[in-house]
Amino acid sequence: MRLTGFSDYTLRTLIYLGLHGDGLATIDEIATAYDISRNHLMKVVHHLARQNIITTVRGKGGGMMLARPAGDINVGAVVRETEKDSHIVECFDPAHAGCCKIEAACILRGALFKAREAFYGVLDGYMLADLIAPQAALADILGLVPAQQG
């Protein structure tokens, strides 16, 4: 499987915010830390706020932070939400039902379904807190002071 750029940026944003702690971080800080597009991050932040995974504060001195502890944010659930419109193969998309001539007798579809579920099953075993466990190393790479775990 391959994650979309949106999912990748979503996970990177959550890692950054998990390392950042209780203070507010800005889109510009995250974009600079990862050397990624500010415009793409704006879409990611909007999505995360709508999902109540992060809290945003507008205006001067504003920014964002995790809406709940990193230990309560399941990586599998986040990726499922960001990849919900991404289908491994065309026949997984309900809009393309019946598009494949062999669909009625296809074993590949079932195998790919099981593979996708196994992929998400592994991600379900991880919380954001697990991803930020090497805090000192990650913080150093991203130019942050590691947050104190509570």
Side-chain angles (χ1 to χ4, degrees), residues 1-97 99-100 109 111-150:
M1 282 203 59
R2 181 182 174 129
L3 294 179
T4 61
F6 188 82
S7 293
D8 178 27
Y9 286 8
T10 297
L11 293 171
R12 290 196 219 186
T13 298
L14 292 176
I15 289 168
Y16 188 95
L17 294 176
L19 293 168
H20 200 267
D22 294 335
L24 295 174
T26 67
I27 289 173
D28 286 334
E29 288 173 32
I30 297 169
T32 299
Y34 288 114
D35 194 25
I36 56 180
S37 166
R38 183 184 185 284
N39 289 335
H40 283 86
L41 281 178
M42 289 175 59
K43 295 173 190 171
V44 164
V45 167
H46 179 72
H47 174 78
L48 287 169
R50 288 184 61 208
Q51 299 300 314
N52 296 314
I53 298 172
I54 66 169
T55 300
T56 60
V57 177
R58 300 185 97 179
K60 186 175 182 181
M64 72 199 94
M65 62 189 289
L66 295 177
R68 54 187 186 264
D72 293 344
I73 300 172
N74 182 271
V75 176
V78 169
V79 174
R80 273 187 185 84
E81 183 60 35
T82 58
E83 293 288 326
K84 68 182 177 183
D85 295 328
S86 178
H87 304 287
I88 296 175
V89 288
E90 190 176 36
C91 63
F92 277 34
D93 184 352
H96 292 101
C99 68
C100 180
R109 181 179 181 175
L112 291 173
F113 179 83
K114 286 180 182 178
R116 181 184 69 182
E117 293 308 302
F119 173 80
Y120 284 122
V122 169
L123 293 179
D124 286 339
Y126 288 88
M127 304 305 275
L128 177 58
D130 299 318
L131 302 184
I132 62 171
Q135 280 196 348
L138 288 169
D140 185 52
I141 292 166
L142 295 172
L144 288 167
V145 174
Q148 295 298 317
Q149 290 272 330

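Glu117 is linked by a salt bridge (Lys or Arg N to Asp or Glu O under 4.0 Å) to nothing, counting only residues two or more places apart in sequence or in another chain. Taking Asp28 as the reference, Arg38 meet the salt bridge (Lys or Arg N to Asp or Glu O under 4.0 Å) condition, with sequence neighbours excluded. With sequence neighbours excluded, the residues forming a ring-ring contact (aromatic ring centres under 6.0 Å, His included) with Tyr16 are His20, listed by chain and number. Residues passing the side chain to side chain contact (heavy atoms under 4.5 Å, CB included) test with Ile141: none are found, sequence neighbours excluded.
In this structure, the side chains of Arg80 and Asp124 come closer than 4.5 Å at one or more pairs of heavy atoms. Side-chain contact between Ile15 and Tyr34 is present, with at least one heavy-atom pair separated by less than 4.5 Å.
Listed by first then second residue, pairs satisfying side-chain hydrogen bond (donor to acceptor under 3.5 Å, both in side chains) with a partner in residues 53-76 number zero, not counting sequence neighbours. Applying the ring-ring contact (aromatic ring centres under 6.0 Å, His included) test to pairs two or more places apart or on separate chains, those with a residue in residues 46-72 are Phe6-His47.
One finds the CD1 atom of Ile36 at 4.0 Å from the CG atom of Leu41 (value rounded to the nearest 0.5 Å). Between the OG1 atom in Thr32 and the CG atom in Leu142 there is a gap of 11.5 Å [rounded to 0.5 Å]. To the nearest 0.5 angstrom, Leu19 atom CG is 11.5 Å from Asp140 atom CG.
Of all heavy-atom pairs between Leu128 and Val75, the closest is N-CG2, 4.0 Å. Annotation for Thr4 and Thr82: closest pair OG1-O, 4.4 Å, computed over non-hydrogen atoms. In plain terms, the two heavy atoms of Ile132 and Ala70 that are nearest each other are CD1-CB, 4.0 Å. For Gly62 against Leu24, the heavy-atom pair with the smallest separation is C-CD1, 4.0 Å. Residues Thr26 and Met64 approach most closely at C-CE, 3.7 Å, considering heavy atoms. Nearest approach of Leu17 to Ala25, heavy atoms of both residues: CD2-CB, 3.6 Å.
Atom CZ of Phe119 is surrounded by more than 12 heavy atoms from other residues, nucleotides or ligands within 6.0 Å.
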- Task: Take Ile54 and Leu14, measure what side-chain contact (heavy atoms from CB on, under 4.5 Å) needs, and give me the verdict at the end.
- Result: CA-CA 8 Å; Ile54 66 169; Leu14 292 176; 4.1 Å; yes

* Would you check, one step at a time, whether the test side-chain contact (heavy atoms from CB on, under 4.5 Å) holds for Ile30 with Val44? => CA-CA 11 Å; Ile30 297 169; Val44 164; over 6 Å; no

* To do: Apply the test side-chain hydrogen bond (donor to acceptor under 3.5 Å, both in side chains) to residues Thr13 and Thr10: give CA-CA distance (whole Å), side-chain angles for both, the deciding distance (0.1 Å), then the verdict.
  => CA-CA 5 Å; Thr13 298; Thr10 297; over 6 Å; no

